[in-house]
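Read through the structure below, which is laid out as structure tokens, and then see the notes.
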Amino acid sequence: MVGIGFLTYGLGIAPAYYGLGIFASSLIADLELTRQQIGQMFGAFTFTYGLVSPVAAAVIRRWGIRATVTAGALCAASGFWVVSQATSATEIYLGYSLVGGVGIGFSTLLPAQAMPVFWFRRYRARATAIILSGAGVVGFLWPPAAGLVLEVWDWRVGWQIVTGISLLVAAIAVLFIRNQPSDIGQRRDGLPPQDPDDPTPVGPGRRAESSVVGSGTDVAGEPMPKGALMWALRTPQFWIATFATAANTVPWRVVSAHGGLHLEDLGFTTLAASTILGVRVGASLFGRLTGSLGDFMSPMRVLALALLVNAVALSVFVSAGSAIVAYPCVIAIGVAYGTAYTSEVVVFGLFFGRAAFVGTTGIRIGLIGVIGALGPILAGAAADRTGSYAGTLWTLGGLAVLGAASIWFCRPPDRPAFVGQPQAGEYTGPATAEEN
């Protein structure tokens with residue numbers, strides 16, 4: 001399942017997410033677009049897939065990960081085909097930002113984060129790191145490959161390739177994804193053996209989940225205690241962790257949409273800029289795996305340190321006019337983003353448990369979709385007005401510093417009885433070690 005998650009997430013999101021920035025110069029030339037429009041298209045795309053994430057959470061709860069990924073990938077493929085045939089900005093907004101965004105929202109972000117939570121407990125951070133590294137591997141390979149497509153063919157062929165990749169994701173999902181360990185006669189990693197006549201696992205120090213007042217079970221066999229989601233949303237930890245997520249995600253989206261144009265402004269060719277950005281994405285692979293440290297130490301501290309590294313790298317990237325400077329910058333940005341990206345998932349799993357994870361994560365992704373959509377749009381508008389991305393990059397560095405400071409001092413909330421306490425194998429830090 002970790003391998004299947006790696007493939008569906010990496011192939012599902014990376015070509016589409018990084019494709020617009022790589023093809024930006026050709027789109028601007030062929031369709032007479034502005035940089036602000038490129039930012040708006042990418043911002044609307046991220047806004048859409050974030051906005052549908054709460055709906056995707058409900059679909060996963062009702063029909064499972066397998067059906068959600070399959071339907072989403074088919075929707076994404078139809079949208080990217082429209083992009084490949086586009087003759088105007090309106091058609092790109094429709095195919096990429098709307099239909100493609102809906103498909104990505106259902107098929108990638110939330111399913112990839114829910115899968116390790118549904119299947120793992122003791123090795124949750126490590127499973128999360130491997131699954132999320134799929135986007136790092138594919139993202140590393142895709143930018144230079146897309147640059148070669150531009151040299152041999154054009155951006156239309158590039159989007160036709162993205163369409164085919166999305167269809168492949170749908171096929172992998174329907175054939176191989178399973179929603180829960182019991183589908184194949186297994187139990188979640190870390191759960192103790194149990195009486196075969198008792199389907200409810202009971203870990204050390206916790207009662208049977210079937211005894212939780214007002215609870216039911218969903219397609220994944222997860223408890224759904226009444227009030228768990230509303231309790232989570234009322235905690236300050238939810239909003240602090242969401243802010244830290246925004247401090248990591250917004251800079252990455254801005255660099256994804258405008259990083260190539262920024263490097264071209266500094267004197268790099270389109271192919272050189274694509275190659276450099278590909279290294280950034282490849283470096284995020286190492287970062288995503290580094291996020292597995294959340295199984296051994298406080299994931300909040302791991303997230304904070306990653307944000308600080310990102311802030312420094314963004315500040316240097318402002319004037320990275322040579323390859324000697326540009327490559328270390330993008331490597332640091334990639335490692336920091338990947339580490340923080342894995343840590344975000346582990347932090348939310350630690351704070352709110354399986355009972356509220358899918359719901360809080362769906363809302364978090366939705367909020368980030370709204371917030372993250374503004375970044376590329378404002379960055380493009382600022383570049384059109386000033387001819388530079390310097391102010392934007394400095395501002396994003398400051399945002400990362402604030403996110404690091406807020407999450408560094410954040411501790412897991414006290415869970416009410418109907419949610420359940422952290423179980424063995426979930427790192428909670430020295431202050432709550434006895435609960436393990």
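Along the sequence shown, residues carry numbers from 1.
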Is the ring pair [X]/[Y] parallel, tilted or perpendicular, if the boundaries are 30 and 60 degrees?
X	Y	answer
F45	Y49	perpendicular
Y96	F80	tilted
Y389	H258	tilted

Check: [Y] main-chain N/O paired with [X] side-chain donor or acceptor under 3.5 Å:
X	Y	result
T342	A129	no
W119	A114	no
H262	L393	no
N179	R66	yes
T339	A336	no
R288	I130	no
R178	I65	no
D154	V157	yes
T242	W239	no
S406	G403	yes

Say you draw a straight line from [atom1] of [X] to [atom2] of [Y]; how long is it, rounded to the nearest 0.5 Å?
X	Y	atom1	atom2	value
S166	I13	OG	CD1	11.0 Å
T68	I60	OG1	CD1	5.0 Å
T8	I177	OG1	CD1	4.5 Å
S284	I331	OG	CD1	12.0 Å
S107	L74	OG	CG	9.5 Å
L109	I368	CG	CD1	11.0 Å

Does the side chain of [X] reach to within under 4.5 Å of the side chain of [Y], using non-hydrogen atoms?
X	Y	answer
W408	R301	yes
L378	T392	no
V309	V335	no
Q85	W159	no
L396	F317	no
P111	Y9	no
F243	L402	yes
V69	I172	no

What pair of heavy atoms forms the shortest contact from [X] to [Y], and how long is it?
X	Y	value
M41	S97	O-OG, 2.8 Å
W142	P15	NE1-O, 3.3 Å
S133	F6	OG-CE1, 3.4 Å
G101	T48	C-CG2, 3.7 Å
A24	I38	CB-CG2, 4.2 Å
T108	G12	CG2-C, 3.7 Å

Item to check | Of I131, V2, T128, the residue whose pairing with F120 passes side chain to side chain contact (heavy atoms under 4.5 Å, CB included) | outcome: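 The side chain to side chain contact (heavy atoms under 4.5 Å, CB included) with F120 is passed solely by V2 among I131, V2, T128.
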Checklist entry - Where do L31 and I92 land on the side-chain contact (heavy atoms from CB on, under 4.5 Å) test, with the steps shown first? => result CA-CA 10 Å; L31 302 183; I92 297 180; 3.5 Å; yes
Checklist entry - Should M1 and Q186 be marked as a side-chain contact (heavy atoms from CB on, under 4.5 Å) after you check the CA-CA gap, both sets of side-chain angles, and the distance that decides it? => result CA-CA 12 Å; M1 285 304 300; Q186 298 183 10; over 6 Å; no
Next on the checklist: Are more than 12 heavy atoms, taken from residues, nucleotides or ligands other than Y93, located less than 6.0 Å from that residue's OH atom?
Outcome noted: yes
Checklist entry - Under 3.5 Å, is there a donor-acceptor pair linking the side chains of S53 and R364? => result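 Side chains of S53 and R364: no pair found under 3.5 Å.
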Item to check | Worked verdict on V55 versus F106 for side-chain contact (heavy atoms from CB on, under 4.5 Å) | outcome: CA-CA 8 Å; V55 181; F106 274 83; 3.8 Å; yes
Next on the checklist: Evaluate W252 against Y341 for ring pair (Phe, Tyr, Trp, His ring centres under 6.0 Å), listing each step before the verdict.
Outcome noted: CA-CA 10 Å; W252 185 261; Y341 189 42; 8.8 Å; no
Checklist entry - Given T360 and F351, is the side-chain contact (heavy atoms from CB on, under 4.5 Å) satisfied, shown in steps? => result CA-CA 10 Å; T360 54; F351 281 6; over 6 Å; no
